[in-house]
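Here the structure is laid out as structure tokens; the discussion comes afterwards.
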Amino acid sequence: MNSIEWNGQSLILLDQTKLPVSEEYIHCTDWRQVAEAIKMLRVRGAPAIGVAAGYALVLAAREAATHGDRDEQFTAFFEFANTLKATRPTAINLAWAVERVCALVRTYVNSASQDDQTVCLADCIDRIEEEAIAINKEDLALNSAMAKAGARIFEGRRGLRILTHCNAGALATAGIGTALGVVRELHANGQLSMVYADETRPLLQGARLTTFELHQDGIPVTLLTDNMAAYAMQQGLIDAVIVGADRITTEGDVANKIGTYGVAVLAKAHGIPFYVAAPYSTFDFTLASGKDIPIEIRDSREITHFQGCQTAPDGVPVLNPAFDVTPHEYVSAIITEAGVLYPDYTKSIARLHKEVQER
């Protein structure tokens with residue numbers, strides 16, 4: 001399933017707000033369309049919005065290149081990039097992708113002679129596009145590597161029953177998924193018995209998206225409401241929890257879709273391992289504690305209404321954080337494309353950072 005496709009002129013996005021009822025695509029020819037799609041969760045999942053942002057910056061550069069002189073062009077481009085980056089503040093992959101492309105442009109500007117007024121933004125648009133394509137291809141490859149690394153945790157085991165929260169699959173990435181990439185690998189190996197998918201309030205991304213893609217792929221899946229996870233664990237139905245992540249600190253604290261923290265607490269209470277699957281780009285090496293992760297607060301109508309139907313009284317106050325933070329002591333291991341990280345996370349994450357920087 002391709003949720004993101006670049007044809008050289010436009011970015012084609014599967015509108016995930018329409019699933020599972022219909023498969024509709026958005027053809028984005030303007031970076032603002034991509035920004036709106038990210039903001040409104042038409043494209044979502046930390047890796048996927050990073051990939052989408054890379055292509056959005058190609059569109060942004062093409063527009064900015066039509067602005068006045070050289071300085072105006074670069075100023076416009078960086079303004080567009082900052083606007084794009086602000087659409088979803090919690091998912092670090094978005095900021096990572098935007099900064100990666102912007103760093104490339106800055107390097108280009110700094111390497112050009114300040115006296116050469118012929119140098120303009122148009123001269124590096126092809127390079128921006130190459131970088132966006134590289135981000136996309138890297139996500140494809142690291143999904144596969146992560147899946148194999150995660151499956152090795154369960155080597156020799158059969159009949160596994162995995163609980164997951166939100167959607168961390170093909171719809172959330174450019175590849176086979178992070179958490180669901182591991183699930184797919186276990187299924188391919190004949191080790192999987194059942195996936196239990198939390199519906200994941202308030203937008204039901206588990207019900208609408210996770211069950212949709214697993215059901216399409218013939219992977220056994222059972223849907224639970226969020227408040228049934230404790231029951232399923234108590235009844236001995238869950239062998240492990242695997243979730244994705246939107247940001248991970250250097251201490252191993254994990255920001256993920258709201259409700260993940262509750263699942264982690266339940267897993268610990270029932271002696272069930274809780275695993276997080278995320279690529280290197282999801283780690284925020286500027287933050288140690290999860291307390292410092294910015295938490296996006298979304299529109300109250302996501303809770304008071306669903307698909308046009310009002311489900312709460314007019315005027316009732318609503319608390320609608322999009323994410324919560326799971327402290328590292330609840331995380332059994334973090335699955336990455338470079339292998340599985342175990343506590344002490346301060347040390348294992350630092351080693352991962354060093355290894356990547358030295359490549």
Side-chain angles (χ1 to χ4, degrees), residues 3-13 15 25-44 46-139 174 247 280-282 284-287 294 296 356-357 359:
S3 59
I4 301 175
E5 183 178 339
W6 173 251
N7 65 13
Q9 296 301 317
S10 62
L11 180 62
I12 304 168
L13 300 173
D15 187 346
Y25 291 84
I26 309 164
H27 293 254
C28 303
T29 56
D30 186 309
W31 68 269
R32 295 172 188 82
Q33 292 174 283
V34 185
E36 189 273 348
I38 292 172
K39 180 68 176 177
M40 300 307 295
L41 304 180
R42 303 186 198 285
V43 58
R44 31 67 55 206
I49 62 177
V51 172
Y55 289 123
L57 289 175
V58 180
L59 300 174
R62 288 174 179 171
E63 178 184 331
T66 66
H67 288 223
D69 62 23
R70 160 196 158 115
D71 290 342
E72 290 173 331
Q73 291 173 14
F74 285 109
T75 297
F77 174 77
F78 289 121
E79 286 178 353
F80 294 163
N82 286 332
T83 300
L84 184 67
K85 186 167 65 172
T87 54
R88 299 293 304 278
T90 302
I92 192 66
N93 299 65
L94 173 60
W96 170 83
V98 171
E99 284 303 316
R100 175 169 162 173
V101 173
C102 286
L104 179 151
V105 175
R106 292 189 194 99
T107 298
Y108 174 80
V109 173
N110 294 335
S111 63
S113 169
Q114 294 299 312
D115 298 326
D116 186 357
Q117 295 302 308
T118 65
V119 174
C120 59
L121 182 60
D123 296 321
C124 60
I125 290 177
D126 287 347
R127 185 66 189 88
I128 293 172
E129 184 175 11
E130 290 172 2
E131 196 71 7
I133 292 171
I135 291 171
N136 192 340
K137 288 182 177 179
E138 287 170 16
D139 193 58
R247 189 183 301 221
Y280 174 78
S281 57
T282 300
D284 185 347
F285 295 100
T286 70
L287 294 182
E296 175 186 0
V356 172
Q357 294 300 307
R359 288 177 193 169

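All residue numbers refer to positions in the sequence shown, counting from 1.
Screening Q73, E79, E72 for a side-chain contact (heavy atoms from CB on, under 4.5 Å) involving T75 leaves a single residue, E79. The one candidate from E131, E130, K137 that meets the side-chain contact (heavy atoms from CB on, under 4.5 Å) condition with I133 is K137. Tested against L84, the residues V98, I49, L59 include a single side-chain contact (heavy atoms from CB on, under 4.5 Å) partner, V98.
Side-chain N or O atoms of T282 include none that pairs as donor or acceptor with a backbone N or O of R247 at under 3.5 Å. Using a distance-only test at 3.5 Å, with no hydrogens or angles considered, a donor-acceptor pair links the side chain of D123 to the main chain of C120. Under the 3.5 Å distance criterion, the side-chain polar atoms of E63 are left unmatched by any main-chain donor or acceptor of A60. Listed for the T90 side chain is a donor-acceptor partner under 3.5 Å among the backbone atoms of E296.
Of the inter-residue distances, the one linking I38 atom CD1 with L13 atom CG reads 8.0 Å to the nearest 0.5 angstrom. For the atom pair CG (L11) and OH (Y25), the distance works out to 12.5 Å, reported to the nearest 0.5 Å. From Y280, atom OH reaches atom CZ of F285 across 4.0 Å, with rounding to the nearest 0.5 Å. Between the NZ atom in K85 and the SG atom in C102 there is a gap of 7.0 Å [rounded to 0.5 Å]. In this structure, the separation between CZ on R32 and OG1 on T87 is 13.5 Å, given to the nearest 0.5 Å.
The minimum heavy-atom distance linking L121 with A61 is given by the pair CD2-O, 3.5 Å. When all heavy atoms of L41 and R88 are compared, the closest pair comes out as CD2-NH1, 2.6 Å. Across all non-hydrogen atoms, the minimal contact from D139 to A174 is OD2-N, 2.6 Å. Listed here is the closest heavy atom pair of V58 and A132: CG2-CB, 4.1 Å. Between E99 and R106, the shortest heavy-atom contact is OE1-NH1, 3.7 Å. Nearest heavy-atom pair across A91 and A46 is CB-CB, 4.1 Å.
Residues R42 and E36 meet the side-chain proximity criterion, which asks for heavy atoms closer than 4.5 Å. Using a 4.5 Å cut-off on side-chain heavy atoms (C-beta onward), I125 and F77 make no contact. Looking at heavy atoms from C-beta onward, I12 lies out of side-chain contact with I26 at the 4.5 angstrom threshold. Side-chain contact between Y108 and I128 is absent, with no heavy atoms from C-beta onward closer than 4.5 Å.
Ring-plane geometry between Y55 and W6 is classed as parallel, the angle between the planes falling under 30 degrees on a 0 to 90 degree scale with a further cut at 60.
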